[in-house]
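Heads up: the structure comes next, in structure tokens.
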Amino acid sequence: MILTPESVQRIKDKLAQYPQRKSAVLPALTVAYRQVGHLNDDVYREISQVIGVPTLEIAEAATFYTMFPKQPVGKYLIQVCHNISCSLMGADSLVAYLEDKLGIKKGDTTPDGLFTLICVECLGSCATAPMMQINHDYYENLTPEKVDAILQQLRSEA
Ligand code: FES
């Protein structure tokens, strides 16, 4: 089993909140992602056993949402929005800056396993572009100085 008993219980609690089992798919995926750090076929199968929805339907939902990584990622998953508002406000420069500071390319993980850098679609914070999400937190109105401070803070917490 990949899911801990605590995660299984959380998923069962979510399931109890909905009149239809399928409604618990996204909450269950979220619980699993927060525990495991990424999703894969084994996780889908275990969720299927808990909520009684076919594994294929769970996998379909998971693959639709880019916020669920499908392979192991670094301790800090940096998701830079590159949709229209963020692009207009310098998302490309932000990505290039992060690539330079981290010594990796978009899609890669630093050799120490600390950071994974990816680009994602709109995160719903267009008014604070350019922005990025790191794990579950938003970082907005980004500048190179802010990025430096954020990376330094995360490295100090690692
Ligand atoms: S375009 Fe970046 S948050 Fe919406």
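In each ligand, atom 1 is the first atom listed, and ligand 1 is the first ligand listed. Small disclaimer: the values here were computed from a predicted structure and weren't measured.
The hydrophobic cluster containing L56, built from Ile/Leu/Val/Met/Phe/Trp/Tyr side-chain heavy atoms closer than 4.5 Å, comprises no other residue. Connectivity analysis of hydrophobic side chains (ILVMFWY, heavy atoms under 4.5 Å, direct or indirect) links Y18 to nothing; its cluster partners are none.
Within 6.0 Å of NZ in K146 there are more than 12 heavy atoms belonging to other residues, nucleotides or ligands.
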Requested in this report: For side-chain hydrogen bond (donor to acceptor under 3.5 Å, both in side chains), just list the numbers for D137 and Y76, CA-CA rounded to whole Å, side-chain angles, deciding distance to a tenth of an Å, and then say yes or no.
Outcome: CA-CA 10 Å; D137 298 318; Y76 299 110; over 6 Å; no
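Residues L151 and I78 meet the side-chain proximity criterion, which asks for heavy atoms closer than 4.5 Å.
Taking the side-chain hydrogen bond (donor to acceptor under 3.5 Å, both in side chains) definition, one finds that D41 meets it with nothing, sequence neighbours left out.
Protein N/O/S atoms found under 2.8 Å from atom 4 (Fe) of ligand 1: C122 SG, C126 SG.
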